[in-house]
There are 2 protein chains.
Amino acid sequence: MKATIYDIAREAGVSIATVSKVMNDKGKISAARRNQILSIMQRLQYQPSAIASALTGKHTYTLGLLIPDIANPFFAEVARAVEDRGHQFGYCVIICSTDNKDERIERYMTVLKQKQVDGIIIGTGLENHAMLEELRSIIPIVVIGREVTPLDVPTVVADDYRGGRLAAEHLLALGHVRMAVLAESLLISSSRDRLRGFQDAIEDAGYALPDDSIIACGHVLEDSKARVVKLLRGGNRPSGLFCFNDLLAVGALQAAKESNVHVPSELSVVSFDNTILASVTNPPLTSIAQPMNQLGEAAVDLLLRQFEHGDLVHQRVSLRTELIVRQSTDAAHPLKLL
Amino acid sequence: MKATIYDIAREAGVSIATVSKVMNDKGKISAARRNQILSIMQRLQYQPSAIASALTGKHTYTLGLLIPDIANPFFAEVARAVEDRGHQFGYCVIICSTDNKDERIERYMTVLKQKQVDGIIIGTGLENHAMLEELRSIIPIVVIGREVTPLDVPTVVADDYRGGRLAAEHLLALGHVRMAVLAESLLISSSRDRLRGFQDAIEDAGYALPDDSIIACGHVLEDSKARVVKLLRGGNRPSGLFCFNDLLAVGALQAAKESNVHVPSELSVVSFDNTILASVTNPPLTSIAQPMNQLGEAAVDLLLRQFEHGDLVHQRVSLRTELIVRQSTDAAHPLKLL
DNA sequence: CTGAAAGCGCTTACAG
DNA sequence: CTGAAAGCGCTTACAG
C-alpha cells in the first residue's frame, strides 16, 4: 500500500498537521523534527496524493488545452510549448482535440470543470460567447489565436494583420502584381486580419486584389489542390499566391506540379504558420511564421497571472509574425503574365 | 458557488447517500425520487466533483501518455488516437513529452503517480527496467512501439520486421541491388527489427547489405541530410535508400537535390511511418506505414482490459505494417550503377 | 427503498 | 513549536 500522511506521522510520533506543515513549508517547525520527518518520508517513499490535496487546497495543477486537433502540426507545436511552460511551474496539461465540433467542445468543457482544472487555454473555434462567459466565471481561461470581441477575455494572438502585410510586401517587392489568396475560412478573426493586411498592402502599392481572387476552400489537402488546379487553369492566372496555412500551400504546390506550372519561376507561393511542413516541401515554402512557442508560453503565463491576481481585465498579448523566405517565391516574370 | 451533493440532498429532502446512488445508478431508488432528484440536479446544474469521487472511488478517469515529443507528427497522430479512444470511455489524457530524457521521464512518472492516473501508456525510450517494473506494480501500464524483453509487460507494436522486409522487397522488385539504410538509432528494438527484416529479405534474394551501408545519424533533419550528402558523394553509391522515419527521408531528399541526384530516377527512397510528412514532400515518399491510429487505440484497449481484469500476463499486440507506394521509388537504372 | 456514519488523504484555522 | 478537530465532496458497507 502507498504510504499516507498518517504513516509518516505515526512513524515520527507527531501529528499529521505537523507532517503537512513540513511538506508545505508552512508554520514553524524545529529543524530537528523537520529533518526527521523528511527522512522518514524518503524512507517510506512518501508521495502526497495530489487529489486529496486538491480536495482541500485549491490547485489541481492541471491545465486544459482545447484545440481543433493535436495531430495538426501547428497545434502540436503550440501544445508542446504549453506543456513545457506549464511543466516549469508544476502543471500538467490535458489535451482536448475538438475538431471544432460543438458537441466535443461541450463534452470537454464539462469534463474539465469536473476535474477542476486550474485553467483552460482555448485555441479552438468557439462562437458560443455565452458559454465562454459562463466558463470564465468559473475557471480562468485564455483564448489563443483569435479575438473574441466584444468579449473582454485574456487573449494571445499573433499579429495576423502584419503577417498579411508582410506576405503582400514580399510579393510586391518581387514584382508580383496579379495575386490570389487561398483561405480556409474567413469566419475566424485571424483569417480576416490576414486578408485585410494583405489587401491593404496591395492597395497601398496602388494595385487591387479582385474579389474573385479570394478563394475559400476546405481544410483538407485535396480541397486546396483542386481549387488551385482550377485557378491555374483559368486565363489570367496569378503569379503570386498567398495561402493561409502550410497545408493549403502544400496543396497549391501539388496543384502547380500537376498543372506544369513551375514554382517559383511561374508561380510564387507564400504560406502561413511556418510549421515543419514548410521546411519539408519541395521547394521549401516561404512562410509567415507564427511564434508557436511564444503563443503557448504566453498563454500559460496569462493563466498563471490570473491564478495570482484574480481575473485581470483586459489582458491581451499580440506577438510578432515574421517573414521566412525560402525557395517558393521568386521575382515575377512579366512575360508570363500576358 | 458550485452546487454539491449536499445542496441536491437538502433540496430534495433526502440523504446524500440517496443522491449518490441515483448519480451512479446503484441500489434501488423509487422512480419518483429518482426523477425528482435528477431534475433538481439539472436545475442546479450540478456537476459531481471528479476529484472528490476519485478520493473515494478508484478511478480518476485520466491516462498518462509518455512520448518523446508531441510536436513530432508521428506521436501527435498516435496521441490523437489515444485521446479519441480514451474519450469514448470517459478518459482524459495528459501528455508528457520526455525528449527521452531520464530526468523528465522520472519527473512525469512521479507526477502521474501523485495524480493517481488510472493508467500510463509508455511510448518513450525507457531503458530503466527496474523503474518500469516498479511503476507497473502501482499503476497499469502498456508499452507502445517497442519491446522491453525480457520484461513481460503489456505491449503494442507495429510489425517492424515485416516493415523492413516490405521495404527491401519493394526495392528488390524494382531491380535495386546496391542499397543503404539510414537509421536514427540502433539501440531501440524497433530499429533493430526493421534492419533485420531488411537484411533478411536482401539475403533471401541472394544479395547482401554491407556493414558500411548501415548509417546511424542524429534525429534532426540536418544530420540526415549531411550523412546522405556524404553517402552520395562517395563512389559506388546506392540506388536504393531505406530511411527509418519520414524526417530522415526528408533529409535524404534534400541531400539528393543538393547533390543533383534525381529522385527517383537515380535514387529510390523508402521511408518509414507514413506520417503527413510523407505525403507532403516532392516527390511524395514511398513509405512503410505504421498504423498510428490502431497503435493508439490498442494501447488504450489494453489498459482498459487491465482495469477490468487486473494485470493480465502476457498481453501483446502486433499490428501490421504496410507498404504505401508513392513517387520516391522507381525502377533501378542498371547503367547508373556503374 | 432510504439514511447514518465512517472513511478517502489531505489542509487549515484555532488553541495551547 | 505542535496537535486536535473540522472540513473538502464524495462512496460504501451496514442497518433498518
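Values in this document were obtained by computation on a predicted structure and should not be read as measured data. Every chain is numbered from 1, with letters handed out A, B, ... down the list of sequences.
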Step-by-step salt bridge (Lys or Arg N to Asp or Glu O under 4.0 Å) determination, B:Asp160 to B:Arg146
CA-CA 9 Å; B:Asp160 291 293; B:Arg146 72 194 65 202; over 6 Å; no
Between A:Tyr6 and A:Val14, just flag the one whose closest nucleotide in DNA chain D comes earlier from the 5' side.
A:Val14
Just checking A:Ser53: base, sugar-phosphate only, or nothing, at a heavy-atom cut-off of under 4.0 Å?
sugar-phosphate
For A:Ile121 against A:Ala299, the heavy-atom pair lying closest together
CD1-CB, 3.8 Å
Bounded by its outermost nucleotides with an atom under 4.0 Å from a heavy atom of chain A, the footprint on DNA chain D reads D:dC1 to D:dG9
Which sits closer to the 5' end of DNA chain C, B:Gln116 or B:Ser30, going by the nucleotide each is nearest to?
B:Ser30
5'-most by nearest nucleotide on DNA chain D - B:Lys21 or B:Ser49:
B:Ser49
Complement of C:dG3, any strand, by Watson-Crick or G-U distances under 3.5 angstrom:
D:dC14
Ring centres of A:Phe89 and A:Phe307 under 6.0 Å apart?
no
Cationic N near anionic O, under 4.0 Å, A:Arg80 to A:Asp84
yes
Can you name the nearest heavy-atom pair linking A:Ile139 to A:Gly119, along with the distance?
CG2-CA, 3.7 Å
Counting distance only, does the side-chain N/O of B:Lys115 pair as donor-acceptor with the main-chain N or O of A:Tyr61 below 3.5 Å?
yes
Report which part of the nucleic acid A:Ile16 touches: base, sugar-phosphate, or nothing (heavy-atom distance under 4.0 Å, all strands).
base
